[in-house]
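Counting from 1, the numbers follow the sequence of the chain as shown.
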Amino acid sequence: MTHTVARRIVVLGSPGSGKSTFSHALAAGTGLPLIHLDDAYWRPGWRRPSTPEWERTVERLTAGPCWIIDGNFAGTVRQRVERADAVILLDRHPWLCAAALIRRSLRLRSDLLRGRQPRDYLPAGLAADDPPVRSLTALVRKAAGFRGRELLGMRNALADCAAPVLRCRSRRSAQRLLRHLSARARPLPSAPAGSRPVFVCTCAQRRQHVRPVPIRPACRPTMPDRTRRGAPEHG
C-alpha cells in the first residue's frame, strides 16, 4: 500500500489471476485511463510486432502523466515500473489461475457459438477462436509456469524500481487494495488537448457493439501481501 496518490499504476500477474477485472474496477474507482497491453500488442491474425516496435509502443504508452497499464510482457516490464507510482502484483495460486483460465475460455467459446459479444475481456486484435485464446493447454501451461518463468524474469526490475510493489495473493487482499487506492483517488488535472494515452480501454464500447477505436496520442502502511524490495516471493 502507498501513502501517495498513485497516478501511474502497473498491474502484473499470472494469466487467470484477475488482472483485467481488477484493472477495470481500479479505473472505475480512480478515474485513471486504463490501457490493456494485449490491445496494443496483438494484431489481427494473431500477428506480433517486432521487439523494437513493441518497445517504442510501450515508451509511448508510459509517457503520459496518468494511467493504469494492465499486462505482463516481461521484456518491457522495466520500462513501465520505472515510471510507475505503484506496482500491483496479483499472485494467486497457479492452479486457481489455471481453473479461471479454463472457465474463461469455455465462456468465450460459448459466446462465439451463440454469436454474441464476449462477456470476458478479449484483446482487440484477437478473436475467441484464435490460438492464443482457445488453446487450453497453452493457457494452463502459462498459469502453471508464471512464477518460475515470467515472474522470475521480472525479479530484477521489481527489485530495482522506486515505486512500492504491492502483492496480493487472494481476491480478498486485492479487494482491500482496490478500496484503499480508490479512496485515495483525487480529481485528475485537466489534460492538454491531444494528450490522452494511446489504446485507452474500449471494453464497454465493444460490449455495446461499437467498433473500438484507439485514441491517438496527442495523459507504505503494511498489507499482509506486500512484496519487499528485495526479490519477489515464491510459493
Side-chain angles (χ1 to χ4, degrees), residues 1-13 17-41 54-90 121 123-124 154 157-158 160-168 173-207 210 212-221 223 226-227 229:
M1 202 171 296
T2 174
H3 289 292
T4 61
V5 176
R7 291 274 169 84
R8 296 180 299 276
I9 303 174
V10 170
V11 181
L12 306 170
S17 63
K19 289 193 306 299
S20 297
T21 300
F22 179 91
S23 297
H24 282 128
L26 184 59
T30 61
L32 295 169
L34 169 59
I35 299 166
H36 300 293
L37 285 183
D38 278 334
D39 284 349
Y41 185 81
W54 178 235
E55 290 174 349
R56 289 193 297 270
T57 297
V58 173
E59 184 73 18
R60 194 164 76 250
L61 293 176
T62 58
C66 54
W67 37 258
I68 299 166
I69 295 183
D70 154 40
N72 292 322
F73 295 92
T76 59
V77 71
R78 187 176 292 275
Q79 284 180 270
R80 285 170 275 140
V81 301
E82 285 181 347
R83 296 188 178 181
D85 300 322
V87 179
I88 298 169
L89 174 61
L90 304 182
Y121 166 70
M154 300 175 189
L158 294 180
D160 294 342
C161 76
V165 180
L166 310 171
R167 190 182 209 123
C168 299
S173 62
Q175 286 298 315
R176 287 201 304 269
L177 178 57
L178 178 61
R179 288 194 295 269
H180 172 79
L181 293 175
S182 298
R184 295 191 59 80
R186 298 293 182 271
L188 299 179
S190 298
S195 65
R196 298 245 339 181
V198 192
F199 297 110
V200 172
C201 174
T202 58
C203 291
Q205 291 179 343
R206 292 178 221 171
R207 293 192 183 99
V210 178
V213 180
I215 300 175
R216 297 301 170 191
C219 130
R220 262 191 239 212
M223 286 187 63
R226 186 185 65 184
T227 296
R229 195 58 61 75

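The structure places CD1 of I88 at 4.0 Å from CZ of F22, a figure rounded to the nearest 0.5 Å. Residue L34 holds its CG atom at 5.5 Å from CD1 of I68, rounded to the nearest 0.5 Å.
Side-chain atoms of H180 do not come within 3.5 Å of backbone N or O of R176 as any donor-acceptor pair. Here the side chain of K19 pairs a donor or acceptor atom with the backbone of G13 at under 3.5 angstrom.
Taking every heavy atom of both residues into account, A86 and A6 meet most closely at CB-CB, 4.1 Å. A pairwise comparison of heavy atoms in W67 and I35 identifies CB-CD1, 4.4 Å as the closest pair. The shortest heavy-atom contact between C161 and V81 is CB-CG2, 3.8 Å. Between T30 and S182 the shortest heavy-atom distance is CG2-CA, 4.2 Å. L12 and N72 make their closest contact through CA-OD1, 3.6 Å (heavy atoms, listed as atom of the first residue, atom of the second, distance).
Within the 4.5 Å cutoff, side-chain heavy atoms of C201 are placed close to those of H24. Put simply, the side chain of L32 does not reach to within 4.5 Å of the side chain of L26, judged on heavy atoms. Between F73 and Q79 the shortest side-chain heavy-atom distance does not fall below 4.5 Å. A 4.5 Å side-chain heavy-atom check between L178 and Q175 finds at least one atom pair inside the cut-off. Side chains of L37 and L61 form a contact here, defined as non-hydrogen atoms less than 4.5 Å apart.
Below 30°, between 30° and 60°, or above 60°: for Y41 and W54 the angle between ring planes is above 60°, a perpendicular geometry.
Remark: of the listed residues I9, T62, V58, T62 is the sole one forming a side-chain contact (heavy atoms from CB on, under 4.5 Å) with I69. The salt bridge (charged side-chain N to carboxylate O under 4.0 Å, His left out) test with D85 singles out one residue from R80, R8, R184, and that residue is R8.
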